[in-house]
Amino acid sequence: MARFTIVQEAREAPAESELGLVSPKKLLLILRRRAWPVGLTMIAVLILAAGAYFVADRQYVATGTIALDRQADPLVDTNPQAKPLTTDSPSVETEVQVIKSPSTAGAVVDALKLAKARGYGIAEDAPAGTAPSRDRAIRAVQHGLVADRSGTSYAISVGFAAADPALAASVVNSAMNAYTGGQKSSAAAQLSHDIGMLADRLKLVRVDLLKADKAVAQYRAGTGLIDLANNSDAANQAMESLNTQLAQARADEAAAQSKANSGDSLVSVTGSSTVSALRAQQSKLLAQKADLQQRYNDQFPALVRLNDQLNAVNQQLAAEEARVRAGVAAQAKVARDRAASLRNSVNREQGKLMSANAASVHLAELERNADSAKTLYASLLDQYKQKLAAQGTEQSKAYVIAYAAPPTSPDSPKSLAYLIGGVLAAIVAGVVVALVLDNMESGLLNQSALEQKLRIPALAAIPDIRTVKDIPLKRPTPGRIAEYLLEHPTGAFAEAFRSLRTSLKLDEAGARGKSLAITSAVADEGKTATSICLAQSAALAGKRVLLIDCDLRHHACTDLFAPDPPTGLVEVLEGRTPLDQAVVKDVGSGLSVLPTTASAQRPIDLITSPAMRSLLARLANSYDLVILETPPVLPVAEARALTAMADSTLLIARWRTTPAAAVKKAIGLLNRAGANITGAVLTRVSLSWTALGSLGDDVYYYRDYANEPRRGSAKAA
């Protein structure tokens with residue numbers, strides 16, 4: 001058997017609803033759809049804004065002005081070397097904060113006795129006899145007191161809002177007086193505080209000065225340092241003389257040590273004549289010995305005598321050299337001892353000089369401490385005298401330019417602000433209500449929403465007959481709906497089914513044997529009416545159509561076309577009745593209907609048996625279209641088996657009523673059962689729902705076309 005095929009345009013980009021965006025066009029459509037709740041919400045908000053304006057308390061604002069001195073000029077300058085500071089922007093802003101400080105508010109509360117006034121020290125809703133609170137009054141005044149710099153000038157505007165205009169002016173004037181008077185009092189208090197601190201500091205510094213002078217005197221007496229400058233020259237000269245003597249002694253020591261270490265050259269070093277004579281005699285004897293040894297042997301008498309003489313001379317020479325060395329060593333020792341003595345003397349003098357220098361350093365430190373104490377004491381004493389001279393000459397850095405006068409007209413509430421705020425609040429509230437209602441909508445609003453949420457084609461939107469203009473049907477039932485279709489073949493309702501036939505390609509030439517199961521997720525979706533009207537519309541178009549009532553529990557189609565039939569679908573499936581005897585004809589449309597009865601014991605199991613599949617195969621040769629009106633999918637299991645037997649399945653969803661989640665669940669069950677879901681149809685769509693796109697362009701624009709005058713009329717001409 002051929003399957004229905006629906007060509008759906010591919011979406012290259014996700015829809016706005018999938019992205020979570022609301023375009024201006026979509027927002028306008030939502031507002032149009034929710035016109036009544038949006039309008040009522042806006043009216044309610046405007047009424048509330050008007051009520052708030054009329055019940056709001058009238059507030060009067062009084063304003064005064066203070067100016068700051070750009071350069072203070074004190075009567076007595078306590079610091080002649082320091083230049084007065086020029087008033088700059090940060091200092092002006094600082095004074096603004098001083099005016100709004102709790103101290104200024106406290107002075108105002110005390111001056112005007114606001115601690116006992118209702119609305120300030122006593123709350124408005126407080127019962128009689130409530131104890132006043134100064135802190136509450138200070139907070140109230142501080143909250144209402146306003147101080148702002150006037151442009152870039154050195155003037156400060158002070159304002160206060162109150163229900164009583166006279167009180168508002170009094171608060172402003174008291175605040176300005178408290179600020180200017182407080183500056184003078186603060187300056188006097190600061191000066192008295194400085195004088196007290198200087199007096200205390202002078203006492204401490206004087207004690208430190210006396211201690212420093214006493215320490216210098218005691219150290220001089222203990223170390224004997226009377227005149228360090230005179231004694232230092234003599235000590236340096238003595239040290240220089242000792243260093244010279246030490247250098248000479250070190251030279252003598254080195255010379256003596258050199259003589260002692262001279263060895264064979266001792267005679268030349270010392271200049272001894274005895275050693276020289278003995279060495280000359282030794283040399284002569286050695287020459288004679290050498291001459292005799294060349295001619296005689298060692299036993300020659302003359303040679304023996306010559307050896308004896310040579311030995312005697314050698315002994316004398318050794319004795320004389322030993323004596324000379326002993327003398328030279330003695331001289332070297334004397335030189336070393338003298339050098340060591342001089343070094344000791346230098347070290348002693350150097351130690352004395354270092355001790356004297358250390359003592360002088362400590363003395364200098366004590367003297368510097370004493371000088372610092374004297375300088376600090378003198379400086380503090382000068383400041384103390386200057387502060388005493390300036391006491392009583394304090395001045396304020398600000399003066400009042402203009403005192404506040406009681407205002408004659410209230411400053412708030414402002415009608416324009418309430419009007420603009422009310423309109424804006426009404427618009428925002430209306431948009432919020434529309435978006436909330438739209439987001440709370442669990443049903444399907446239009447064909448685009450159906451395709452986006454269910455991912456199946458939206459084939460048509462069936463209008464609600466009750467909302468058809470000029471020819472509505474107030475109490476529609478399946479039977480009356482079928483009659484309406486026959487009576488108004490050119491209306492929007494009939495055109496919706498023609499559009500559905502086109503989407504299903506039922507009017508194609510040569511299309512035969514197509515079986516279509518019509519079902520819904522839940523009951524009361526318009527499934528029966530859709531099945532009947534689609535079957536009638538196809539029959540009126542010349543098609544051989546058979547409508548089979550497969551809903552054995554409710555059998556609404558049977559009740560309409562053949563109430564209490566003697567035989568029907570169950571009997572045909574059981575083989576007890578031929579098909580042509582069980583089928584009934586609708587005279588008005590030519591539609592064939594196979595009703596159902598409940599005579600069998602197991603009718604529900606029978607319609608899902610192979611016999612049903614065999615019946616559909618036989619009907620394909622006899623009819624152009626076979627429509628199966630099945631039970632809803634979610635509550636009834638056999639609906640899934642019936643849809644799997646049909647060539648295609650059409651899913652019915654009621655506009656704005658059927659939850660999208662329920663339809664998605666039904667689609668999942670049908671897919672698992674093997675059903676071929678051709679698409680979905682929205683039923684009972686209100687034509688009074690003014691947003692374009694709710695119905696689908698085919699039905700919406702056909703409604704306008706159907707209302708056009710006939711050709712040849714005066715308007716058409």
Side-chain angles (χ1 to χ4, degrees), residues 1-7 457 459-460 462 478 481-482 485-486 489-490 493-519 527-551 556-558 560-562 568-569 572-573 577-596 607 611-630 642-652 675-681 698:
M1 296 183 183
R3 296 276 181 173
F4 291 132
T5 57
I6 299 298
V7 180
L459 302 183
I462 309 301
I481 292 174
L485 179 69
L486 299 177
T490 61
F493 185 74
E495 183 62 27
F497 285 97
R498 284 192 288 272
S499 174
L500 178 58
R501 281 167 34 206
T502 302
S503 299
L504 292 171
K505 298 185 178 182
L506 299 181
D507 297 332
E508 291 184 355
R512 297 180 60 82
K514 295 179 179 179
S515 58
L516 175 65
I518 299 179
T519 187
K527 170 176 58 62
T528 300
T530 302
S531 301
I532 294 172
C533 292
L534 178 61
Q536 286 182 329
S537 178
L540 291 172
K543 300 291 182 180
R544 292 181 300 168
V545 183
L546 175 64
L547 174 62
I548 303 177
D549 188 357
C550 298
D551 191 349
C557 292
T558 299
L560 175 62
F561 293 103
L569 173 63
V572 172
L573 294 176
T577 302
L579 177 64
D580 55 354
Q581 295 182 10
V583 173
V584 297
K585 278 282 188 177
D586 179 26
V587 179
S589 62
L591 170 67
S592 298
V593 180
L594 179 57
T596 184
I607 65 171
M612 185 66 181
R613 190 179 299 274
S614 176
L615 175 63
L616 293 177
R618 288 190 290 118
L619 293 175
N621 298 321
S622 303
Y623 293 93
D624 298 326
L625 175 64
V626 178
I627 296 178
L628 308 179
E629 201 266 328
T630 70
L642 289 171
T643 56
M645 296 179 185
D647 293 334
S648 298
T649 300
L650 184 64
L651 192 61
I652 304 300
N676 177 27
I677 302 176
T678 301
V681 174
D698 46 5

ask   = Do Cys557 and Leu547 have side-chain heavy atoms sitting under 4.5 Å apart?
value = yes
inquiry  = With a 4.5 Å cut-off on side-chain heavy atoms, are Val681 and Ile518 touching?
reply    = no
key: Within-4.5 Å side-chain heavy-atom neighbours: Ile481 and Cys533   = yes
List the atom pairs, donor and acceptor, that lie under 3.5 Å between side-chain atoms in residues 581-588 and the rest of the protein, sequence neighbours left out.
{"residue": "Lys585", "atom": "NZ", "partner": "Ser592", "partner atom": "OG", "Å": "3.2"}
{"residue": "Asp586", "atom": "OD2", "partner": "Gln536", "partner atom": "NE2", "Å": "3.2"}
{"residue": "Asp586", "atom": "OD2", "partner": "Ser589", "partner atom": "OG", "Å": "2.6"}

query = Which distance, rounded to the nearest 0.5 Å, do you find between the OG of Ser515 and the CD1 of Ile548?
reply = 8.5 Å
request  = Would you mind reporting whether Thr649 and Thr630 have side-chain heavy atoms less than 4.5 Å apart?
outcome  = no
request  = Would you check if the side chain of Ser499 reaches a backbone N or O of Glu495 as a donor-acceptor pair within less than 3.5 Å?
outcome  = no
key: Closest contact, heavy atoms only, Leu500 versus Ala460   = CB-CB, 3.9 Å
ask   = Side chains of Arg501 and Leu534: closer than 4.5 Å at any heavy-atom pair?
value = yes
key: Inter-residue atom distance Leu642.CG - Leu628.CG, 0.5 Å rounding   = 6.5 Å
task = Please report the closest heavy-atom contact between Ala494 and Pro489, naming both atoms and the distance.
result = CB-O, 3.4 Å
query = Does a side-chain heavy-atom distance below 4.5 Å link Ile462 with Phe493?
reply = yes
request  = List the steps and the verdict of side-chain contact (heavy atoms from CB on, under 4.5 Å) for Leu615 and Leu569.
outcome  = CA-CA 10 Å; Leu615 175 63; Leu569 173 63; 3.8 Å; yes
query = Is there a side-chain contact between Leu650 and Ile627, using heavy atoms and a 4.5 Å cut-off?
reply = no
ask   = Between CG of Leu616 and CG of Asp647, what distance do you get to the nearest 0.5 Å?
value = 8.0 Å
ask   = For the residue pair Lys514 and Lys505, what are the closest heavy atoms and their distance?
value = NZ-O, 3.1 Å
key: Name of the residue among Leu579, Leu625, Leu594 meeting side chain to side chain contact (heavy atoms under 4.5 Å, CB included) with Leu619   = Leu579
task = Grab the two heavy atoms, one from Ile532 and one from Pro478, that are nearest each other, plus how far apart they are.
result = CD1-CB, 4.3 Å
query = Looking only at heavy atoms, which two atoms of Thr490 and Arg498 are closest? And how far apart?
reply = CA-NH2, 4.0 Å
Shortest non-hydrogen contact between Val545 and Ala538, atoms and distance = CG2-CB, 3.6 Å
key: Minimum side-chain heavy-atom gap Asp549-Asp551 below 4.5 Å   = yes
